[in-house]
Amino acid sequence: VAAYDLVRGALAEDRGDVKTPATELADAARLASASAPDSIRRPLEELSSAAQRLAGLESTDLRAAREAFGDVSRALISVLSAEPSLQQGRQVYECPMAKGYKKWVQVSEGVSNPYMGTDMLQCGTEADF
């Protein structure tokens, strides 16, 4: 989740430099899926694929990065929903104005919106996993 949070933080700050942490996330999810219980194997594989797609985007295309981040967030939330013990210390927020998938995970409290960035950094409310 640390690599995911680096991606989230970069997008919240309108930075597109997400290739390295997205690649780290893809690799970690792929490795975890190899020995994961059946209940989270598929969500981990989806997380790895979504993160790899995000890593392959141009760093200058924030719109595409945010859209791809939505797929990463959906997959991560699926992992966390399938294994509630992984939810500890993590919050889910939702932005009603975001296009596509509207939720994201944060390890810190307080809204820091990766979909709207600095224009509307605090747009969002706490949501369920």
(message) With rounding to the nearest 0.5 angstrom, report the CE to NZ distance, M116 to K99.
(response) 7.5 Å
(message) If I take atom CG from residue L54 and atom CG from residue L25, how far apart are they, to the nearest 0.5 angstrom?
(response) 8.5 Å
(message) Using modelled atom types and a 3.5 Å cut-off, is there a donor and acceptor pairing between side-chain atoms of Y93 and backbone atoms of E109?
(response) no
Please tabulate, for side-chain N and O atoms in residues 62-70, each donor-acceptor pair with protein atoms closer than 3.5 Å (sequence neighbours left out).
residue : atom : partner : partner atom : Å
R63     : NH1  : E67     : OE1          : 3.4
R66     : NE   : P114    : O            : 2.7
R66     : NE   : Y115    : O            : 3.4
R66     : NH2  : L11     : O            : 2.7
R66     : NH2  : D14     : OD1          : 2.6

(message) Could you check whether any side-chain N or O of Y4 sits under 3.5 Å from a backbone N or O of V105, counting only pairs where one atom can act as donor and the other as acceptor?
(response) yes
(request) Look at the side chain of S48 and the backbone N and O of L44, then say whether any donor-acceptor pair between them is shorter than 3.5 Å. (result) no
(message) Would you compute the distance between atom OG of S81 and atom CZ of F129 and round it to the nearest 0.5 angstrom?
(response) 7.5 Å
(request) Taking all heavy atoms of L47 and all of L76, pick out the closest pair and write down the distance. (result) CD1-N, 3.9 Å
(request) To the nearest 0.5 Å, tell me how far M97 CE sits from D119 CG. (result) 10.0 Å
(message) To check you understand the geometry: which heavy-atom pair defines the closest contact between P96 and K102, and what is its length?
(response) O-NZ, 3.5 Å
(request) Please confirm whether the backbone N or O of A51 pairs with a side-chain atom of R53, one donor and one acceptor, at under 3.5 Å? (result) no
(request) Could you give me the CA-CA distance, side-chain angles and deciding distance for S59 and V18, then say whether side chain to side chain contact (heavy atoms under 4.5 Å, CB included) is met? (result) CA-CA 7 Å; S59 63; V18 299; over 6 Å; no
(request) Work out which heavy atom in S73 is nearest to a heavy atom in K103; give both atom names and the distance. (result) CB-O, 3.3 Å
(request) Specify the closest pair of heavy atoms between G124 and V111, including all atoms of both residues, with the distance to one decimal. (result) O-CG2, 3.5 Å
(request) Using a strict 4.0 Å threshold on nitrogen-to-oxygen distance, state whether E46 and R42 make a salt bridge. (result) yes
(request) Would you check if the side chain of R8 reaches a backbone N or O of V107 as a donor-acceptor pair within less than 3.5 Å? (result) no
(request) Looking only at non-hydrogen atoms, find the nearest pair between A22 and V7 and report the distance. (result) N-CG2, 3.8 Å
(message) What's the separation between atom OG in S35 and atom CZ in R41, rounded to the nearest 0.5 Å?
(response) 8.0 Å
(request) Indicate yes or no for a side-chain donor-acceptor contact from N113 to the backbone of C123 under 3.5 Å, with no hydrogens or angles considered. (result) yes
(message) Let me check something: do V92 and L121 share a hydrophobic cluster, defined by ILVMFWY side-chain heavy atoms less than 4.5 Å apart, either directly or through other members?
(response) no
(message) Under a 3.5 Å distance rule, please check whether Q106 uses its side chain to pair with a backbone N or O of Q91 as donor and acceptor.
(response) no
(message) Let me confirm one number: the CD-OG1 distance from E13 to T118, rounded to the nearest 0.5 Å.
(response) 9.0 Å
(message) Set out, in order, the CA-CA distance, both residues' side-chain angles and the distance that settles side chain to side chain contact (heavy atoms under 4.5 Å, CB included) for V79 and E83, then state yes or no.
(response) CA-CA 6 Å; V79 170; E83 185 53 56; 5.6 Å; no
